[in-house]
Amino acid sequence: MDALLSLDTAAPFPFTFNPAHTALVVIDMQRDFVEPGGFGASLGNDVTRLQAIVPALRALLDAWRAVGAVVLHTRECHRPDLADCPPAKRLRGNPSLRIGDAGPMGRVLIAGEPGAGIIPELAPAPGELVVDKPGKGMFYGTSVDELLRERGITHLLFTGVTTEVCVQTSMREANDRGYECLIVEDGTESYFPEFKAAALAMLTAQGAIVGWSAPSSAVIQALQRGPG
Ligand code: C5J
């Protein structure tokens, strides 16, 4: 769809975007964060909180795919030899199940292991971009910027987990690179509800200092309604 759409109820003020120049970004919807036995659970988190967004995110993905717009999935994971995992990252967290250790879903946060895979409900479709990232932000150590720019992408809609870590970091990195960014309120989640609320408030404060927010229903309605 090559048309200007408006989300009139977006915060802090209306957001306009053209799906032909916008990517839906799905951050780290991996088994390691969303299912028991993975990295998120090893840190003592209640992973069921994150599972709750899957139906809304799937509905948004379906509507986005229906207009043929770009989708980018990211996976936070490391090389099997851990060459891209600094000790400063690996040595924090749970000493009995660190990044690279063998867990119930294979080696924790290692590319190619079952836990690093995207959950089946949100599996990438053929042709969608899938990028492994060693950091919290999606631009660090990746070719995301080149992939987006060569597709003419100027606007990004952010979803995925966790709101205040990888989603917020990626949205801030994108804002600094000149992308117009919106976070989908019910398409993202945190293990800590108060952190999600604070992240959404920080991102949209001061006249959209990092970007906008809106519910998935507003995006879906705009896609289905079209311009006008
Ligand atoms: C975390 C992420 N929380 N994907 N990663 O360590 O947000």
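In listed order, ligands and their atoms are each counted from 1.
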Show, in sequence, the C-alpha distance, side-chain angles and deciding distance for Lys136 and Glu76, and conclude whether the salt bridge (charged side-chain N to carboxylate O under 4.0 Å, His left out) test is met.
CA-CA 7 Å; Lys136 302 303 181 191; Glu76 179 180 352; 2.8 Å; yes
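The shortest N or O to N or O distance between Glu76 and ligand 1 is under 3.5 Å. Inclusion of Val165 in the set of residues having an N or O under 3.5 Å from an N or O of ligand 1 is not warranted. Ligand 1 has no N or O atom lying under 3.5 Å from any N or O atom of Phe39, backbone or side chain.
For atom 6 (O) of ligand 1, the closest non-hydrogen atom on the protein side is Lys136 NZ, 2.7 Å. Among protein heavy atoms, atom 2 (C) of ligand 1 sits closest to Cys166 SG, 2.8 Å.
Applying the 4.0 Å criterion to heavy atoms of Val161 picks out, from ligand 1, the atoms 2 (C), 4 (N), 7 (O). The Asp28 neighbourhood of ligand 1 comprises atoms 2 (C), 4 (N), with distances under 4.0 Å to a heavy atom of that residue.
Heavy atoms of Val167 found under 4.0 angstrom from ligand 1: none, in either backbone or side chain. Counting heavy atoms closer than 4.0 Å to ligand 1, residue Thr162 contributes atoms from both its backbone and its side chain.
By the neighbour-count criterion of 12 heavy atoms within 6.0 Å, atom OH of Tyr140 is sparsely surrounded, having that number or fewer from other residues, nucleotides or ligands.
For the pair Asp62 and Arg58, the salt-bridge criterion is met [side-chain N within less than 4.0 Å of a carboxylate O].
Connection of Phe139 to Ile183 is established within a shared hydrophobic cluster, with ILVMFWY side chains joined at heavy-atom distances below 4.5 Å, either directly or through further cluster members.
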Just list the side-chain donor-acceptor pairs under 3.5 Å for residues 31-40, sequence neighbours left out, or say none.
from, atom 1, to, atom 2, distance (Å)
Arg31, NE, Glu35, OE1, 2.8
Arg31, NE, Glu35, OE2, 3.2
Arg31, NH2, Glu35, OE1, 3.0
Asp32, OD1, Phe39, N, 3.2
Asp32, OD2, Leu109, N, 2.9

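Counting only residues at least two apart or in different chains, side-chain hydrogen bond (donor to acceptor under 3.5 Å, both in side chains) contacts with residues 98-112 comprise Arg90-Asp101.
Contact of the Cys181 side chain with the Phe158 side chain is registered, since non-hydrogen atoms from C-beta on lie closer than 4.5 Å.
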